[in-house]
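See below for the structure under consideration.
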Amino acid sequence: MGIQSGRAKAASAVVALLTLVSTLTAAGSAEAAATRIRLGSASDVSRASWQGPAFTMNGDGKMIPASMSAAIDAIRGTAGSLDVVVIAGSAPTTGSPTPECDAALALPGVNSCTSWTLTAASDGGNSQVNADVRNAEFVYFAGGDQCRYAAWKGSALEASVESVVAKGGGSGGGSAGHHVNSPVVYDACKGSVTSAEALANPYDSYVTFTTGMFDWPNYGGVINDSHFAARDRMGRTMAFVARAIKDGRTSGGKAWGVGVEEGSSLLLDKNGKATLYGKEAYVVLGDHQPERATSGKPLSFSDYKIWRLGPGQSHDFKNRPACGYYLRSVTDGVIDANPYSGTPRTTCEAPGGTTPLAETEANDTRATADDATALAYPAALTGTMKSTTDRDHFRISLVAGEQITVQCTIPDGAYDADLYLLDSTGSTISRSVNDGVGADESLTHTRTATGSGTYYIELDAYRGSGNSPYTCALTKTKP
């Protein structure tokens with residue numbers, strides 16, 4: 001994606017306002033000192049609607065231009081411009097006083113960027129801060145100290161950020177700003193914990209959390225972590241996940257850790273799809289109670305399910321995948337070998353232990369489709385893209401009001417397959433066509449007509465072929 005010159009943009013809108021806010025009053029009382037610098041246009045964009053939300057989850061404090069551009073385009077719909085606010089808990093000690101705004105203003109579609117440095121919990125009630133945030137379409141939390149951000153839980157500032165997302169804008173951040181954008185926040189209020197410390201004692205005094213702050217759509221049950229592989233944080237994320245389950249901080253007996261590497265960013269779109277920009281990111285699922293998570297004792301937890309995302313790969317947080325992971329365990333505080341890499345399970349059991357229905361060739365048409373109408377749900381389908389023109393069809397049925405979700409895990413490095421749902425006449429009623437070899441596909445459809453109907457799940461070889469199997473997990477919601 002093209003990036004226009006920051007120098008040219010600055011020349012077209014040379015507005016920089018530095019305001020030291022030390023005596024502003026609200027409801028008759030002085031507000032905490034804060035520093036405001038505005039760059040770009042002095043006037044905010046006025047527009048009736050926006051097309052987000054979109055979120056950027058960055059592995060270090062720097063704004064990643066590619067993911068930020070994608071978020072901007074998702075929110076503005078590739079037309080017009082928007083306003084950005086950067087929230088920081090401390091000012092940079094070297095270089096530009098506004099590094100995040102400098103990066104934002106170099107991107108197409110940014111009207112202005114206002115940087116706020118807020119150093120006290122009471123700054124969450126600052127009227128000018130909240131006015132700027134509510135008038136913005138994207139709020140970026142800079143790196144630094146997430147404990148300062150967590151202190152704004154329940155404040156006017158929290159509500160202001162939530163209002164930006166609610167109107168179709170977005171939120172994001174890097175490092176500490178990445179942490180605060182998950183529903184369970186490792187707040188580090190007593191200090192930063194290492195993997196060795198957290199595994200040796202998951203109730204170490206440095207393992208502290210804040211919950212009940214931001215809970216973004218499709219991102220429930222998640223604990224974010226940053227600087228992931230560079231600082232060897234897989235172990236502590238595993239401990240965070242075990243604690244979240246043991247302490248009931250997430251629902252359903254499950255918790256997901258999302259670790260993003262330095263120089264990388266996950267873009268989470270309004271449909272719950274997270275796409276990686278950069279080197280790598282990890283999703284770490286714990287789906288049962290830990291074998292041992294006790295104060296003063298080393299952690300034991302079997303079979304964490306780990307998805308490693310490479311450049312351009314995605315993870316569906318709305319329809320969370322049941323395949324494509326590798327397994328690693330922790331025994332007496334020691335992780336299995338090679339926690340950052342593994343062979344993904346591409347032929348997985350369906351949820352509940354059901355054996356997948358394997359395709360039978362030829363099933364390239366609706367007339368020759370494999371019959372999946374008698375499967376007990378949750379269910380699974382599996383097959384391969386044997387040629388570059390292969391099309392696999394599976395016949396299913398739905399009754400009035402019934403919803404089906406199909407999540408297909410495509411093997412890494414094998415081929416690019418697209419997913420379609422057809423009605424009984426062969427017309428496409430839903431599709432998922434994510435670009436890239438190994439890109440997973442998912443869709444959801446609800447039958448609104450009366451009675452029952454026949455449908456067809458179709459997997460097409462869009463690019464490449466091979467004998468590595470795909471697996472599609474099927475779930476139904478009854479009327």
Side-chain angles (χ1 to χ4, degrees), residues 57-61 143-147 150 174-182 184-211 221-247 249-250 254-264 266 276 278-309 325-342:
M57 310 289 185
N58 297 357
D60 58 37
D145 180 0
Q146 63 261 34
C147 186
S175 192
H178 171 53
H179 284 269
V180 79
N181 272 284
S182 58
V184 180
V185 178
Y186 166 60
D187 57 35
C189 285
K190 293 187 177 180
S192 182
V193 71
T194 67
S195 284
E197 292 166 341
L199 291 170
N201 178 12
Y203 284 84
D204 186 286
S205 62
Y206 283 6
V207 182
T208 56
F209 302 101
T210 295
T211 56
V222 171
I223 310 158
N224 284 347
D225 208 349
S226 58
H227 304 276
F228 199 64
R231 299 186 185 179
D232 190 21
R233 287 179 167 174
M234 178 69 80
R236 79 175 199 176
T237 291
M238 289 174 161
F240 297 166
V241 167
R243 278 285 307 273
I245 297 169
K246 180 73 177 290
D247 299 347
R249 297 177 186 275
T250 55
K254 298 180 180 181
W256 288 259
V258 174
V260 183
E261 180 56 310
E262 295 175 356
S264 301
L266 277 177
L276 181 69
K279 181 181 178 183
E280 61 185 356
Y282 295 82
V283 179
V284 182
L285 168 62
D287 58 5
H288 59 82
Q289 286 292 324
E291 283 76 9
R292 182 177 64 213
T294 305
S295 180
K297 300 290 182 65
L299 175 68
S300 287
F301 195 111
S302 62
D303 291 343
Y304 287 96
K305 295 174 179 174
I306 304 173
W307 288 262
R308 180 189 179 278
L309 303 182
Y325 55 81
Y326 60 93
L327 297 174
R328 293 293 183 269
S329 298
V330 175
T331 306
D332 293 331
V334 178
I335 308 178
D336 290 344
N338 301 319
Y340 294 97
S341 63

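Just so it is clear, the values below take in all heavy atoms, side chains as well, and ignore hydrogens, waters and symmetry mates. Nothing fancy with the numbering, it's 1 onward along the sequence. Source: prediction; values computed, not measured.
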>> With rounding to the nearest 0.5 angstrom, report the CD to OG distance, Gln146 to Ser192.
In response: 7.5 Å
> Quick one: ring pair (Phe, Tyr, Trp, His ring centres under 6.0 Å) partners of Trp256, sequence neighbours excluded?
Replying inline: none
> With side chains defined as the heavy atoms from C-beta onward, is the minimum distance between Tyr325 and Val283 less than 4.5 Å?
Replying inline: no
>> How close do Ser226 and Asn58 get, counting heavy atoms only, and between which atoms?
In response: CB-O, 4.5 Å
> Is the shortest heavy-atom distance from the side chain of Ser175 to the side chain of His227 under 4.5 Å?
Replying inline: yes
> Is the closest side-chain heavy-atom distance between Thr194 and Arg236 below 4.5 Å?
Replying inline: no
>> Using 0.5 Å steps for rounding, measure from the CZ atom of Phe301 to the CE atom of Met238.
In response: 9.5 Å
> Yes or no on side chain to side chain contact (heavy atoms under 4.5 Å, CB included) for Ile245 and Lys254, after CA distance, side-chain angles and deciding distance?
Replying inline: CA-CA 6 Å; Ile245 297 169; Lys254 298 180 180 181; 5.6 Å; no
> Does the side chain of Met57 come within less than 4.5 Å of Val258's, by heavy atoms?
Replying inline: no
> Would you say the side chain of Ile223 lies within less than 4.5 Å of the side chain of Arg243, judging by non-hydrogen atoms?
Replying inline: no
> So how far is it from Ile335 CD1 to Asp232 CG, rounded to the nearest 0.5 Å?
Replying inline: 7.0 Å
> Do you know which two heavy atoms are closest between Tyr203 and Lys246, and how far apart they sit?
Replying inline: OH-CG, 3.4 Å
>> Any heavy-atom pair between the side chains of Leu276 and Ser264 that's under 4.5 Å?
In response: yes
>> Testing the basics here: between Gly342 and Tyr326, what is the closest heavy-atom pair and its distance to 0.1 Å?
In response: CA-CG, 3.7 Å
> Roughly how far, to the nearest 0.5 Å, is the OG1 atom of Thr208 from the OH atom of Tyr186?
Replying inline: 6.0 Å
> Backbone N or O of Arg249 within a donor-acceptor pair of the Asp247 side chain at under 3.5 Å?
Replying inline: no
>> Pairing donors with acceptors under 3.5 angstrom, does anything connect the side chains of Asp336 and Tyr304?
In response: no
> What are the two closest heavy atoms between Ala198 and Val207, and how far apart are they?
Replying inline: CB-CG2, 4.4 Å
> Do Asp225 and His179 come close enough that some side-chain heavy atom pair is under 4.5 Å?
Replying inline: yes
>> Quick check: closest heavy atoms across Arg328 and Ser341, and the distance to 0.1 Å?
In response: NH2-O, 2.7 Å
> Can you find a heavy atom in the side chain of Arg292 that is under 4.5 Å from one in the side chain of Asp332?
Replying inline: yes
> Distance-only, no hydrogens or angles: does the Ser195 side chain make a donor-acceptor pair with backbone N or O of Gly235 under 3.5 Å?
Replying inline: yes
> Would one find more than 12 heavy atoms of other residues, nucleotides or ligands at under 6.0 Å from atom OH of Tyr340?
Replying inline: yes
> Excluding sequence neighbours, so at least two apart, what forms side-chain hydrogen bond (donor to acceptor under 3.5 Å, both in side chains) with Glu291?
Replying inline: Ser302
>> For the CD atom of Glu261 and the CG atom of Leu309, what is their distance to the nearest 0.5 Å?
In response: 13.0 Å
>> Testing the basics here: between Ser182 and Val184, what is the closest heavy-atom pair and its distance to 0.1 Å?
In response: OG-O, 2.8 Å
>> Determine whether a donor-acceptor pair (N or O, by modelled atom type, separation under 3.5 Å) exists between the side chain of Asn201 and the backbone of Glu197.
In response: no
>> Among residues at least two apart in sequence or on other chains, which ones pass side-chain hydrogen bond (donor to acceptor under 3.5 Å, both in side chains) with Glu280?
In response: Tyr282, Arg308
